[in-house]
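Keep in mind that what you see is a predicted model, and the values were worked out from it rather than measured. By convention in this document, chain letters (A, B, ...) are assigned in the order of the sequence lines, proteins followed by strands, and residues within each chain are numbered from 1.
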Amino acid sequence: MTLKERLGRLGRTEAANGYLLVSPTALYALLLLAVPLATILAFSFWTQNYLDIDTTLTLKNYQEAFGEPLYRQLMLRSLMISGAVTLATVLTAFPIAYFVSFHVPQSRKSLWIFLITIPFWTSYLIRVFLWKVILGYNGVLNATLQGAGLIDEPLTFILYNANAVVITLAHAFAPFAILPIFVALEKIDRSLLEASQDLGENRLTTFLRVTLPLAMPGVVAAVLIVFIPTIGDYVTPRLVGGPNGLMIANMIQTQFLKLNNAPLGAALAVIAMLLVGAISLIFVGLNRRFLRGPK
Amino acid sequence: MTRPIITLRDVQKYYGDYHALRGITAEIGEGEFFSLLGPSGCGKTTLLRTIAGFEDITSGAVLLDGQPMEGVPANRRPTNMVFQSYAIFPHLSVAENVGFGLRRRTDLDRRAKQTLVEEALTMVGLGGYGARAAHALSGGQRQRVALARALILKPKVLLLDEPLSALDKKLREQMQFELRRLQRQVGITFVLVTHDQEEALIMSDRVAVMFEGQIAQLDSPQNLYRRPLNRQVADFIGVMNFLPATVSVEDGQGINADVAGLGRAVIDPEQAPGGATSGAACVGIRPEMMSILYENEQTDRRIAEGVVEERAYYGDMTYYDVRLDGIEKPVTISMKNIVGRPVLDRGTATRVSWDARSLVLFNAA
């Protein structure tokens, strides 16, 4: 078979049509995702001498990234903060998703979901600034509490530290957690809940034995959707985090732009990606247990 | 009837303004195979769900084994249900599904529970399927898992909500037989909801025919078929020809009827289960209670004359629409296709034999 024949045959297949369809997107993804990633990876094995990049392969950056306590501390803090954000987001999102799915009449559900997304029509940055206004020393929260006579001194533990980062990010990612959980709850056949009650379980044990396990795919999706972007978040810790709320992304930015050490920044970025990847894989693995198959 | 296990006293149910159950009163006996039969929307599933405890009733009383069930939630009632969708838990294995309700049995250790599960699976013909994932089962197998899951708890009453409607015809017939066998084996009261009159007749000891939230007739399958209380029941159970008639009742004795197309007949009062009054009435006769006489065939039954208008050949049977002299609407007659009975063509003039004992008298309308 000649090459021409092969190509002719390929052109007629379903697969070829498929490749043709995805090629613009694939090309876009390749240029804007794969190429930058590969560049970062390459940089992490190089070194920088003032203005020149030394392209000799070396593990020096990784040694420094792992050896220096500051980087370890920042990485750990990033993990803790995004872990706390994920926990807070999913724990608050679940009851909302549950309420909309189980207690809102069918005809009103899309309205409710629509209303939930309204705060997110404004820019992310504006919402972060708004939290500054709410949580600040003379902010809305402190003024209200003082006005009500509940506190004498303004609370200071709510802004310019890790708490503020958690509060702001948890709010920012709420709809991304509500939606997958809502979808998972919507998919639960209501007769399963009746069957559980019929077999002797009360409402609480039915929730634990049927609703929650069947909602787990949505919960795991919510965890991933919140955890992955928050660990690398840069704006929120910068604006509301104060010195003790800074995260690894702030250090990466500093390395690249201020300390003129792109290779070390790249190494930190690679380590952060690997960590997120590893943790995500654990969750995906957990999800397998709950995804034995479609109904 | 045996000792009543379910007692329904004037059960009323409203959904807002909609009156779903309009005063249901019935007793269902221990060990009985009882069916609720009716068209969709007649309230049969609602009634089943009020027995299970999934629906509150507006007024009246539901008693299970003599105990009033008001305020008792589904999880504390001595009933178990097989759902129309089977409601097999997709995240559990077959054995976990079947053993779901055993968690509360603290008197049993793990091994005893496993044995019970295996026994239940064997009983429904799924021995050895325990480790399978529930979603890997076929429709018929899911049905069996749902049955095993309910029966393992040894309920006083098993409620079945149209359990066979999703199965194909062959499997449905097989399951009808198996359900009946299973019910005899375990001796538990079965209450079956169905819209399939044939299924209700085949399986049940007694059937309640429901229309618009009320029980129209509660009787054995044979009585339902032979002596339906009114035209609505007669029409729902099987096929029946209705002929206008004029009736004169002679003080408690025979009922004289002048039936359109058939002529004069004396009807036994037993064949007027809905009662009879003089005047305009309606007479029903089943298709198999009439036969077409072939050329030289002789009979001592009554004879009417008519013309074949239409015929439908079913293989074992042929259904004829015959227009009898004197009435416009043709009557349906079913004939077994045995040797010596050719299928008649349309337009054939024919004689039809019938018997006054197979007539059922209804009040007019």
Side-chain angles (χ1 to χ4, degrees), chain A residues 90 94 97-98 101-108 180-224 283-295, chain B residues 45 48-49 51-55 72-94 96-106 120 131-137 139 142 145-155 157-163:
Chain A
V90 171
F94 197 98
Y98 187 88
S101 179
F102 281 81
H103 296 289
V104 172
Q106 196 63 42
S107 53
R108 295 274 174 81
I181 298 174
F182 171 75
V183 170
L185 289 171
E186 279 291 281
K187 270 168 56 184
I188 297 176
D189 179 356
R190 299 305 192 254
S191 69
L192 294 175
L193 310 182
E194 287 189 341
S196 170
Q197 277 178 39
D198 189 62
L199 295 167
E201 300 296 345
N202 59 34
R203 290 180 62 172
L204 178 67
T205 50
T206 294
F207 176 80
L208 294 175
R209 291 188 78 190
V210 182
T211 316
L212 194 57
L214 289 174
M216 274 323 269
V219 172
V220 170
V223 164
L224 291 177
F283 273 103
V284 171
L286 273 180
N287 208 10
R288 285 258 159 91
R289 192 183 142 0
F290 299 104
L291 278 178
R292 286 209 187 150
K295 262 191 312 222
Chain B
T45 295
L48 194 78
R49 291 171 58 83
I51 298 172
F54 294 128
E55 306 279 355
V72 180
N75 53 331
R76 288 206 230 104
R77 294 197 182 192
T79 57
N80 283 114
M81 185 139 156
V82 173
F83 291 81
Q84 187 169 14
S85 61
Y86 311 141
I88 302 296
F89 301 116
H91 57 302
L92 301 177
S93 71
V94 169
E96 285 167 331
N97 261 287
V98 174
F100 191 90
L102 290 178
R103 191 183 65 91
R104 306 193 145 245
R105 292 283 303 273
T106 41
R132 292 220 188 170
H135 64 83
L137 299 176
R142 279 158 184 250
V145 172
L147 266 172
R149 186 175 72 180
L151 286 173
I152 198 171
L153 301 173
K154 303 203 164 50
V157 177
L158 184 74
L159 306 168
L160 303 114
D161 185 7
E162 307 225 14

Heavy-atom contact with chain B under 4.5 Å, split by part of A/Ser196: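 Both parts, backbone and side chain.
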Measuring only between side-chain heavy atoms, which start at C-beta, is [X] closer than 4.5 Å to [Y]?
X        : Y        : result
A/Leu212 : A/Phe207 : yes
B/Phe89  : A/Val210 : yes
B/Leu160 : B/Leu48  : no

Is chain A contacted by the side chain of [X], its backbone, both, or neither, given a heavy-atom distance below 4.5 Å?
X        : result
B/Arg49  : side chain
B/Arg104 : side chain
B/Phe100 : both

Between B/Arg149, B/Gln84, B/Arg103, the one whose heavy-atom pairs under 4.5 Å with chain A are most numerous: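 Heavy-atom pair counts peak at B/Arg103.
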Cation over ring face, A/Arg190 and A/Phe102, 6.0 Å, 45°: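 The answer is yes, since A/Arg190 meets both limits relative to A/Phe102.
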Options A/Arg203, A/Gln197, A/Glu194, ranked by heavy-atom pairs under 4.5 Å with chain B, top entry: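 Looking at each of A/Arg203, A/Gln197, A/Glu194 in turn, A/Glu194 comes out on top.
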Residue pair A/Glu201 / A/Thr206, side-chain donor-acceptor N/O under 3.5 Å: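 No pair is found: no donor N or O on one side chain lies under 3.5 Å from an acceptor on the other.
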